[in-house]
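In what follows, chains are A, B, ... by sequence order, proteins preceding strands, each numbered from 1.
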2 protein chains.
Amino acid sequence: MIWALTPPPRTANIPANLKRFGCTHMNLKELARKLDLSPTTVSRALNGYPEVNEATRERVAAAAKKYNYQPNTRAIRLATGRAMAVGHVIPLATRHEIVNPVFADFIAGAGEVYSRNGYDLLLSVVSDDDEERAYRELKSRGTVDGVIVHSPRMRDERIPLLHDLGIPFVVHGRATDSPRPYPWVDVNNRRAFQRATEFLLDLGHRRIALMNGLEFMDFALRRRAGYEAALAARGIPVDPAIMASEEMTETSGHRLGAALLSGPNPPTAFLVSSIIMGLGIRRAIEERGLQMGRDVSVIVHDDELSYLRNGDDLPIFTATRSSVREAGRQAAAMLIGLIRGEAGAPRELLMEAELIIGQSTGPHRG
Amino acid sequence: MIWALTPPPRTANIPANLKRFGCTHMNLKELARKLDLSPTTVSRALNGYPEVNEATRERVAAAAKKYNYQPNTRAIRLATGRAMAVGHVIPLATRHEIVNPVFADFIAGAGEVYSRNGYDLLLSVVSDDDEERAYRELKSRGTVDGVIVHSPRMRDERIPLLHDLGIPFVVHGRATDSPRPYPWVDVNNRRAFQRATEFLLDLGHRRIALMNGLEFMDFALRRRAGYEAALAARGIPVDPAIMASEEMTETSGHRLGAALLSGPNPPTAFLVSSIIMGLGIRRAIEERGLQMGRDVSVIVHDDELSYLRNGDDLPIFTATRSSVREAGRQAAAMLIGLIRGEAGAPRELLMEAELIIGQSTGPHRG
DNA sequence: ATCACATTTCAAACCGCTTTGGATTGGCAC
DNA sequence: GTGCCAATCCAAAGCGGTTTGAAATGTGAT
């Protein structure tokens, strides 16, 4: 026993457990002691490794339950090098400080999937000029295993950045003109707005206004493309006078609607990028003593936000409908697949929007 | 050198760094080697401990910057036993699956404060029957240092639970009839609605309808109390026929408004718990050819949600106004104080709402 | 009895940081 | 020269898990 000469520990320090929790918190070592097994075996038993006797595994499982053992996440993360967390970086447009209203429901959907898979959801709200730094930090500090990119712009710089950093990511939406391919989940905005436009055309409308979101956002560009394609297919020229691209608020909807309706050659139908904006337009219509659905038709896009239902039973607005919450679920599932390195899983998901017929549309009345 | 006899390591294994990152990621040990210092000293230098030479500290800081050293969060968390993260448990009402629309802006405010203080924001969306389990897990797995409690109900069971678990927490709102005191940040809902009611009374209104949120929510109870107190002070009896308690959506606002206005003895003013609901009421008013602000007065509560501005420049609705985002900041700051064990900091914060005069109110026209 | 081999278990290294308890050095008073 | 103290720095022991490499045990074939 020569190496008993090794210098003895300086202090007989009190169990860290006691120091930290005030009481003895059940941890792996403790549990192993109670079971008269090594921590190795206990760890393996609980994690389902094959090289442990089935009988032992059951003993371990029983003891773990009995003592309510929960492995310490911090330790797992360090030991495995995985963060078991996913980051959502929410850009806060510095200029107008708007939080995308869609984001709460998206998160709710994604959150479901994360918690089912043992992942935490890390939210960081950053003003958009800090975004790059935020991503770099997430990477170098290792707080997350992957991220979801929200509200992509056209040719979004975050995509090459994340590619370079080597963080797995999924984009909610797409970024037109991205040089490299990237994983995304999106609604077929183009098709949805094309169909909606066709529907209005079929009803006899010829002057259809487009009330779009800000057109540096990718989804807005695609919606416009769909609208223009449908018009072009019928040989109807697009008229910039009845197209707008603004923040999607009730007030801007009202303002735009009022201006158009009282202008010369007013539109007989509106195609609107958001249900909130739609509320404003409806107000502008009714203000003029007109009736939505009879005198003026309106189609909105409905993200199925939980606090903004399009009618309880029968829909108020005719709408292109697609659940953001479901998009959240899908994006989360795709991201987890990427993180796990599951090959073969699809990397792109295009969700079709339904066209829901409500009470806000009707035939053009010459 | 006797204890060189200690059995040698079995394998000359490759640097873990290389294995994990594919390249040598700068970590504390590496940085220390480059500086020809011990990890201890480097760590202390970077964390501002006093026992390191100022010259050394500068050398270290320079090197850290040069090599872009970022300490690994996972390791810090394990070593310190702090999670450096705060949890927000968002209850997802299982019945109607509603995500509180206020929550996005609250988070945005809180997030600011967290990131300034080096805390992560962990979101977990749980259906409300899983809530207790969620809190217990957060505790026993040690993923967060504290939590924010959202949407408190009257005599909320989460408060005693968190007290028992010993997790620092701050409630956004209050829970009437809680047996023990607890830290909270809230708007003076009672006072706000009392003042708003008084304002309407002063304008000559006598039939004032209350369109409230669901009255198992604490804020709704307090708003009602304020409303009733103001009426009582003028000797006006409350009339349940013109009081409602529902989900605060546009449609329910419209439905309730329409029913009341076309009923017998209609109200001449509405006091409404949410701007969204207010939009519905306005629609019901205008539908009848009446004008809001002239024929019927409306006061709403405005949380200053970023995507639902009450007018761009001059306010549309007369409103009791209070920024949820600011509440988020305050709650986060309070929670961090609690986590750090700062004594003496206030544990309760009552924010007063402003009464903003907009275009939706006017004198009662006999 | 012996050897090859599969099964089950374990000791110790490791993840990357913090923190404890010295060790070392130099200056200054005695 | 000695003792004391402050200023600096360091080795090693942690945090609570996972993972590696090997040991112990049992089993069937030779």
Side-chain angles (χ1 to χ4, degrees), chain A residues 6-21 24-32 35-57 59-60 69-84 140-142, chain B residues 3 6-21 24-33 35-57 59-60 69-84 140-142:
Chain A
T6 314
R10 315 254 160 76
T11 40
N13 41 11
I14 51 175
N17 241 333
L18 220 147
K19 215 170 51 186
R20 181 152 302 155
F21 295 96
T24 316
H25 187 91
M26 184 57 60
N27 60 9
L28 187 65
K29 211 197 290 180
E30 188 70 18
L31 186 64
L35 282 161
D36 205 30
L37 281 171
S38 77
T40 311
T41 306
V42 176
S43 167
R44 286 184 164 150
L46 293 173
N47 291 315
Y49 281 74
E51 63 268 60
V52 27
N53 190 319
E54 222 28 67
T56 315
R57 191 194 301 284
R59 264 182 67 219
V60 172
Y69 166 70
Q70 300 271 71
N72 182 311
T73 330
R74 294 190 288 264
I76 295 182
R77 295 201 223 264
L78 178 57
T80 59
R82 290 169 302 161
M84 294 308 289
S140 60
R141 317 193 63 138
Chain B
W3 55 84
T6 313
R10 313 251 163 76
T11 39
N13 41 11
I14 51 174
N17 240 333
L18 220 145
K19 215 169 50 187
R20 181 152 302 153
F21 295 95
T24 315
H25 188 90
M26 184 57 60
N27 60 9
L28 187 65
K29 210 198 288 182
E30 189 69 18
L31 186 64
R33 199 187 339 266
L35 282 161
D36 204 32
L37 282 171
S38 78
T40 312
T41 305
V42 176
S43 166
R44 285 183 164 149
L46 293 173
N47 291 314
Y49 282 75
E51 62 268 62
V52 25
N53 190 321
E54 224 25 69
T56 317
R57 191 195 303 284
R59 262 182 70 219
V60 173
Y69 166 69
Q70 301 271 69
N72 181 311
T73 332
R74 294 190 288 265
I76 295 182
R77 296 200 222 265
L78 179 57
T80 59
R82 290 169 301 161
M84 294 308 288
S140 60
R141 317 193 64 139

Rounding to a whole Å, what distance do you find between [X]:[atom1] and [N]:[atom2]?
X        : N       : atom1 : atom2 : answer
Arg44(B) : dT20(C) : CZ    : P     : 8 Å
Met84(A) : dG16(D) : CE    : P     : 20 Å
Lys29(A) : dT18(D) : NZ    : P     : 14 Å
Arg74(B) : dT18(C) : CZ    : C1'   : 17 Å
Arg82(A) : dG16(C) : CZ    : P     : 15 Å
Asp36(A) : dT9(C)  : CG    : P     : 12 Å
Leu28(B) : dC14(C) : CG    : P     : 17 Å
Arg57(A) : dT9(C)  : CZ    : P     : 10 Å

- prompt: Does a distance-only test, which skips hydrogens and angles, find a donor-acceptor pair under 3.5 Å between the side chain of Thr40(B) and the base of dT19(C)?
  reply: yes

[X] side-chain N/O to [N] phosphate OP1/OP2 under 4.0 Å:
X        : N       : answer
Tyr49(B) : dC9(D)  : no
Thr41(A) : dC10(C) : yes
Tyr69(B) : dC17(C) : yes
Ser43(A) : dT18(D) : yes
Thr56(B) : dC9(D)  : yes

query: How long is the span from the CG atom in Asn53(B) to the OG1 atom in Thr41(B), to the nearest 0.5 Å?
result: 10.5 Å

- request: Could you tell me which non-hydrogen atom of Arg74(A) sits nearest to which non-hydrogen atom of Arg77(B), and how far apart they are?
  value: CD-O, 3.3 Å

query: Where do Ala32(B) and Ser38(B) come nearest, in terms of heavy atoms and distance?
result: CB-C, 3.8 Å

- prompt: With distance as the sole test, does Arg57(B) use its side chain to make a donor-acceptor pair with the main-chain N or O of Ala45(B) at under 3.5 Å?
  reply: yes

Side-chain (Asn47(B)) to main-chain (Tyr49(B)) donor-acceptor, under 3.5 angstrom: no

- prompt: Mapping Glu51(B) and Ile76(A) onto DNA chain D by nearest heavy atom, which one lands closer to the 5' end?
  reply: Glu51(B)

query: Given dC15(D), dC10(D), dG16(D), which nucleotide is nearest the side-chain atoms of Asn27(A)?
result: dG16(D)

field: Leu37(B), nearest nucleotide to its side chain (from dT18(C), dT18(D), dC10(D))
entry: dC10(D)

Comparing Asn47(B) and Pro39(A) on DNA chain C - which has the more 5′ nearest nucleotide: Pro39(A)

